[in-house]
Amino acid sequence: VTMTITFKPGGASDIAGRLSAKAAEKLLGKPIKATNKLGGGGSIGFDFVGKQKPDGYNIGWLSASILTTTLLGKLPYGYDQFDYVCGVTFDATTIAVRADSPFKTLPQFLAAAKKNPGKVKVGHAGSGSFTYMTAAALMSEQKTKVTFVPVGKRRLPSLLAGEVDAISVHPPELIPSMKAGKVRLLAISAPKRVPAYSDVPTFKELNMDLGFYQFRGIFVPKGTSQSIKATLSKAFKAAATDKKLAATAKKRGFGINYIGLKEFPSYVKKQNALLSAVVNKLKKKK
């Protein structure tokens, strides 16, 4: 079985996918070869998997990027041109500030931004990124005007240098700086708290839940039989209780949240609807 991963080798997302595959191998009874196929915000890898034979031997490790790429037109078709098997892990999205920032909580940060419309700067990877959409949706829901700054890969350096007041990112890339006492997570957008930073509240706990999350899991070419998908879903369920994956999740800062075949397709459909509303709102603002 070949599993295509649309993330760079060595990152938290890549490692989560590879460890999940290793756990699934035990139940599947067949080796799973993980390969990386990058580019286009994940669209190249997604498109590649979608064009393979729907025989169960070609699977992909997805993220919510499969929805953003189709919604933003990076693929000439919709998210429903794939079949969805199961969710396995997730990455939270956080609003982070420097450790010496006067903002101790997300409500404090938002209150200050409301008092000074447009003066608070928030760095992000780019307007098509999931983390940007999360931050933009949050500010819209909270009726807060900030200035978004596309700093790309310089997210952390721009924060530490004082170029921006906060950044919207996935926490795994901040863990070394967190341990060094350089940054503070104000809150995370996630279905539940993450063991690696269990003291950080979720948006939901602050009554700011957006409903969509950076989920990761398994998808296959359209037309893959239900029995094959059920077999794959059952195999990857093993990852949810795998001790090595759990230990790595705590160390690397991602969460585990298994969603089986019966629930996952409808879950993805709901996530797509929520993200579609965000994209449409952002387009109208532009």
Side-chain angles (χ1 to χ4, degrees), residues 5-20 36 38-42 45 61-65 68-69 88-101 103 106 109 121-138 148-203 210 212-216 245-257:
I5 298 177
T6 60
F7 312 101
K8 64 180 181 181
S13 304
D14 173 70
I15 291 172
R18 289 176 181 275
L19 288 176
S20 295
N36 300 83
L38 313 178
W61 181 248
L62 59 68
S63 74
S65 296
T68 56
T69 52
V88 183
T89 68
F90 69 88
D91 259 337
T93 299
T94 187
I95 302 297
V97 297
R98 292 183 302 279
D100 61 359
S101 169
F103 310 123
L106 184 57
F109 175 83
K121 297 178 181 179
V122 179
H124 62 89
S127 59
S129 65
F130 184 87
T131 49
Y132 165 71
M133 289 188 182
T134 300
L138 174 66
F148 283 108
V149 183
V151 292
K153 293 181 180 179
R154 293 190 65 257
R155 293 182 289 278
L156 181 57
S158 68
L159 176 66
L160 296 179
E163 297 171 15
V164 294
D165 301 291
I167 52 175
S168 179
V169 297
H170 293 313
E173 65 184 84
L174 301 181
I175 286 182
S177 296
M178 287 171 57
K179 291 181 177 179
K182 295 180 179 180
V183 300
R184 178 189 306 122
L185 308 189
L186 298 181
I188 59 171
S189 178
K192 57 186 178 182
R193 289 203 181 196
V194 178
Y197 29 90
S198 58
D199 58 333
V200 178
T202 64
F203 283 17
L210 300 172
F212 60 86
Y213 312 106
Q214 181 63 288
F215 58 88
R216 306 194 190 281
L245 181 66
T248 304
K250 188 171 184 178
K251 180 181 178 181
R252 299 300 295 257
F254 60 88
I256 299 172
N257 187 41

Which residues satisfy the side chain to side chain donor-acceptor pair (under 3.5 Å) test with S158, sequence neighbours excluded? none
Taking the side chain as everything from C-beta on, heavy atoms only, tell me whether Y213 gets closer than 4.5 Å to T134. no
Does some side-chain heavy atom of I15 sit less than 4.5 Å from a side-chain heavy atom of F7? no
Which atom pair, heavy atoms only, marks the closest approach of V194 to G253? CG1-O, 3.9 Å
Only one of L210, T94, T93 clears side-chain contact (heavy atoms from CB on, under 4.5 Å) with F203; which? L210
Sub-4.5 Å side-chain heavy-atom contact between E163 and V149: no
Only distances under 3.5 Å count here; give the side-chain donor-acceptor pairs of residues 182-189 to other protein atoms, sequence neighbours excluded, each with its distance to 0.1 Å.
residue: R184; atom: NH1; partner: S101; partner atom: O; Å: 3.4
residue: R184; atom: NH1; partner: F103; partner atom: O; Å: 2.7
residue: R184; atom: NH2; partner: A99; partner atom: O; Å: 2.6

Determine, stepwise, if the pair I167 / L174 fulfils side chain to side chain contact (heavy atoms under 4.5 Å, CB included). CA-CA 11 Å; I167 52 175; L174 301 181; 4.1 Å; yes
Pick from H170, Q214, R216: which one makes a side chain to side chain donor-acceptor pair (under 3.5 Å) with D91? R216
Under 3.5 Å donor-acceptor, W61 side chain and S13 backbone: yes
Qualifying residues under ring-ring contact (aromatic ring centres under 6.0 Å, His included), relative to F130, sequence neighbours excluded: F212
Are any of the side-chain heavy atoms of V169 and L159 separated by less than 4.5 Å? no
Under the salt bridge (charged side-chain N to carboxylate O under 4.0 Å, His left out) rule, collect the residues that match up with R98, sequence neighbours excluded. D100
Residue pairs, two or more places apart or on separate chains, that pass salt bridge (Lys or Arg N to Asp or Glu O under 4.0 Å) and touch residues 8-18: D14-R18
Which pair of heavy atoms, one from A92 and one from Y197, lies closest together, and at what distance? CB-OH, 4.0 Å
Smallest separation among heavy atoms of S177 and L156, with atom names: OG-CD2, 3.2 Å
Taken in chain and number order and not counting sequence neighbours, the residues that satisfy side chain to side chain donor-acceptor pair (under 3.5 Å) with S65 are S63
Heavy atoms only: give me the nearest N257-P191 pair and the separation to one decimal. ND2-CG, 4.0 Å
Minimum heavy-atom distance between L245 and A16, given as atom pair plus value: CD1-O, 4.0 Å
Side chain to side chain contact (heavy atoms under 4.5 Å, CB included) with H124: which residues, sequence neighbours excluded? Y132, F148, P150
Return the set of residues passing side chain to side chain donor-acceptor pair (under 3.5 Å) with R155 (not counting sequence neighbours), or none when no residue passes. E173
Please name all residues satisfying side chain to side chain donor-acceptor pair (under 3.5 Å) with T89, sequence neighbours left out, ordered by chain then number. none
Salt bridge (Lys or Arg N to Asp or Glu O under 4.0 Å): which pairs involve residues 247-257, sequence neighbours left out? none
Can you list the steps and then say if R193 with T202 is a side chain to side chain contact (heavy atoms under 4.5 Å, CB included)? CA-CA 6 Å; R193 289 203 181 196; T202 64; 4.0 Å; yes
If you measure from CG on L138 to OG on S168, what distance do you get to the nearest 0.5 Å? 8.5 Å
Qualifying residues under side chain to side chain contact (heavy atoms under 4.5 Å, CB included), relative to D165, sequence neighbours excluded: V120, K121
Applying ring-ring contact (aromatic ring centres under 6.0 Å, His included), can you list everything that pairs with F90, at least two apart in sequence or on another chain? none
